[in-house]
Amino acid sequence: MIRVLLADDQALMRAGFRALLDAEDDLEVVGEAVDGAAAVQLTRELRPDVVLMDVQMPRLDGIEATRRISADPGLAAVRVLILTNYEVDAYVFTALRAGASGFLLKDADPADLLQAVAVVARGEALLAPTVTRTLISEFVNGPGPADPVAGRDVLTAREQEIVELVARGLSNDEIAQRMVISPLTAKTHVNRAMMKLHCRDRAQLVVWAYESGLIAPRRR
């Protein structure tokens, strides 16, 4: 059973999500938060597996709420899935740095929502190509990394290559095909890199790859 907390200031939106999720045998909505502060409090009380987090909410926005949840050692198993109205959202990079595990459009198909919750609950990251492109755009238009080699010494050459492919948006299966290795071996390399770099998931690994300068955005 995947336990979900809904955080959105619109009652109609929460009702729609609840109806969809509660209709599934393996999903359970354990609570609803009307703002970011309530989301943090209820997350600490209920310990859901996944928080569906709206970005723009009163009192405390979804970004700061995500940051507080991710920073709490007692909530290390909780995953935050950001809800956004736009494919290219100014909050994407900030939310990933705050600890979000992925993004979902509010007008996504019901099947996509259910899949997204399942993916994030497994501890994986939900990074659609549009999100990856937004990340790249952030680095193309922003300042370069403060320390171009920060953290690279802990990774082997093979792990650096794997992280680069993750940051380019490749799945484990695609990485395996590119490097002529098994998907399990690719997954092992990805997990080992995340452990060495203290990244919660693939989303954090993508952020690290660009921030550290391991790869440079491809300018048009």
Side-chain angles (χ1 to χ4, degrees), residues 1-4 26 43 47-53 66-67 69-82 92-104 112 114-136 138-139 145 147-217:
M1 181 68 70
I2 300 174
R3 305 171 71 251
V4 181
D26 58 347
T43 299
R47 304 296 174 95
D49 300 302
V50 177
V51 180
L52 283 181
M53 184 79 75
T66 298
R67 184 176 291 111
I69 290 171
S70 300
D72 189 332
L75 303 177
V78 177
R79 294 292 179 262
V80 177
L81 184 59
I82 294 290
V92 166
F93 180 62
T94 303
L96 285 175
R97 295 184 70 179
S101 292
F103 291 81
L104 185 71
D112 291 337
L114 298 176
Q115 181 183 21
V117 171
V119 167
V120 171
R122 291 197 301 265
E124 300 177 18
L126 191 73
L127 281 179
T130 51
V131 174
T132 301
R133 286 197 295 269
T134 300
L135 276 175
I136 294 172
E138 286 283 343
F139 284 95
D147 184 353
V149 296
R152 284 199 220 170
D153 55 339
V154 303
L155 299 179
T156 65
R158 173 57 63 92
E159 287 166 352
Q160 288 189 34
E161 186 177 359
I162 292 283
V163 172
E164 177 179 349
L165 295 177
V166 170
R168 297 294 184 197
L170 274 66
S171 66
N172 287 343
D173 287 344
E174 292 169 334
I175 291 172
Q177 292 176 1
R178 177 77 64 88
M179 302 187 70
V180 196
I181 57 179
S182 72
L184 179 59
T185 299
K187 182 178 180 180
T188 299
H189 281 305
V190 172
N191 289 341
R192 186 175 295 127
M194 288 193 296
M195 182 178 64
K196 287 183 177 182
L197 298 171
H198 306 289
C199 294
R200 286 169 58 100
D201 52 33
R202 293 172 77 96
Q204 295 289 293
L205 202 59
V206 171
V207 172
W208 179 87
Y210 284 105
E211 280 195 322
S212 68
L214 176 66
I215 59 176

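- For the side chain to side chain contact (heavy atoms under 4.5 Å, CB included) with Met53, the qualifying choice from Thr43, Ile69, Leu81 is Ile69, the only one to do so.
- Smallest separation of non-hydrogen atoms from Ile82 and Ala100: CG1-CB, 3.6 Å.
- Here the NZ-OG distance, from Lys187 to Ser171, works out to 12.5 Å after rounding to the nearest 0.5 Å.
- Atom CD1 of Ile162 and atom CZ of Arg178 lie 10.5 Å apart (nearest 0.5 Å).
- Panel note: side chain Arg158, backbone Leu155; no donor-acceptor pair is recorded below 3.5 Å.
- Of all non-hydrogen atoms in Val120 and Ser101, the two that sit nearest each other are CG1-CB, 3.9 Å.
- Side-chain contact between Ile175 and His189 is absent, with no heavy-atom pair separated by less than 4.5 Å.
- Atoms NZ and CH2, from Lys196 and Trp208 in turn, are 11.0 Å apart once rounded to the nearest 0.5 Å.
- Remark: the backbone N or O of Ala98 is paired with a side-chain donor or acceptor of Ser70 at under 3.5 angstrom.
- Of all the heavy atoms in Leu214 and Gln160, the pair that sits closest is CD1-OE1, 3.5 Å.
- With rounding to the nearest 0.5 angstrom, the CD1 atom of Ile2 is 12.5 Å from the CZ atom of Arg79.
- Within a 6.0 Å sphere centred on CZ of Arg122, other residues, nucleotides and ligands contribute more than 12 heavy atoms.
- The minimum heavy-atom distance linking Ala193 with Val163 is given by the pair CB-CG2, 3.7 Å.
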Do Met179 and Thr185 pass the side-chain contact (heavy atoms from CB on, under 4.5 Å) test, and can you show the C-alpha distance, the side-chain angles, and the key distance before you say yes or no?
CA-CA 10 Å; Met179 302 187 70; Thr185 299; over 6 Å; no
